[in-house]
Amino acid sequence: MLSEFKAFIAKGNVLDLAVAVIIGAAFGTIATSLTGDVIMPIVGALFGGLDFSSHFIVLGTIPDTFAGNAASYADLKAAGIPVLGWGQFLTVVINFIILAFIIFMLVRTANKSVKRGEDAPAGPSEVDLLTEIRDELRKK
């Protein structure tokens, strides 16, 4: 069983998948940082707030026993108070759109590279070679 497992892991497609997952996770971190550290502060500044993820609507009443900051989305959520975190949701949606666009551009570039490789002439076809051989044999 161990040797079968080792053979399964050693297959190229399994290793390619593992590499893709690792690179995808790292790429997701980059996209999250791009969104949270570059794009969202600019969007927040345009709309009057520096941190979009802190925009929320409290859906219930805050109990008198609440000891956290009533203006903190994280504190309210941790206390179990129903909160509609539309700013956090908007941040995640923008992060997704950026990530999807970057993946689209990568796939588009890869597809163009493959098409260029297919369009390049690979040399004479088999029929052309056979025709040349036939013509040479006829000359002799």
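The structure presented is a predicted model; accordingly, all values stated were derived computationally and were not measured. Counting begins at 1 with the first residue of the sequence.
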Any residue meeting side chain to side chain contact (heavy atoms under 4.5 Å, CB included) with V92, in chain and number order, not counting sequence neighbours: Q88

Cluster link I94 to I103, ILVMFWY, side chain under 4.5 Å: yes

Donor-acceptor contact present, side-chain S72 to main-chain G68, <3.5 Å: no

Hydrophobic cluster identity match, L17 and I23, side-chain contacts under 4.5 Å: no

CZ/R134: more than 12 non-hydrogen atoms of other groups inside 6.0 Å: yes

hydrophobic_cluster_shared for F89 and F96, side chain cutoff 4.5 Å: yes

Flag, side chain of S33 to backbone of T29, donor-acceptor distance under 3.5 Å: no

Side chain to side chain contact (heavy atoms under 4.5 Å, CB included) against L2, all qualifying residues, sequence neighbours excluded: none

Working for side chain to side chain contact (heavy atoms under 4.5 Å, CB included), residues F56 and L84: CA-CA 5 Å; F56 59 90; L84 179 68; over 6 Å; no

Rounded distance [0.5 Å steps], CG in N111 versus CG in L106: 11.0 Å

L76 to A70 - nearest heavy-atom pair and separation: CD1-O, 3.4 Å

For F104, the rest of its hydrophobic cluster, which grows through side-chain links under 4.5 angstrom: F101, M105

Set of side chain to side chain contact (heavy atoms under 4.5 Å, CB included) partners for M1, sequence neighbours left out: none

All side chain to side chain contact (heavy atoms under 4.5 Å, CB included) counterparts of A79, not counting sequence neighbours: F66, I81

Please list every donor-acceptor pair under 3.5 Å in which a side-chain atom of residues 124-133 meets a protein atom from a residue at least two apart or in another chain.
unit_1	atom_1	unit_2	atom_2	d
S125	OG	D128	N	3.3
S125	OG	D128	OD2	3.2
T131	OG1	V127	O	2.7

hydrophobic_cluster_shared for I97 and F27, side chain cutoff 4.5 Å: no

Contact summary for N69 and D75, nearest pair of heavy atoms: N-OD2, 3.1 Å

Verdict with supporting geometry, I98 and L34, side chain to side chain contact (heavy atoms under 4.5 Å, CB included): CA-CA 9 Å; I98 291 168; L34 176 66; 3.8 Å; yes

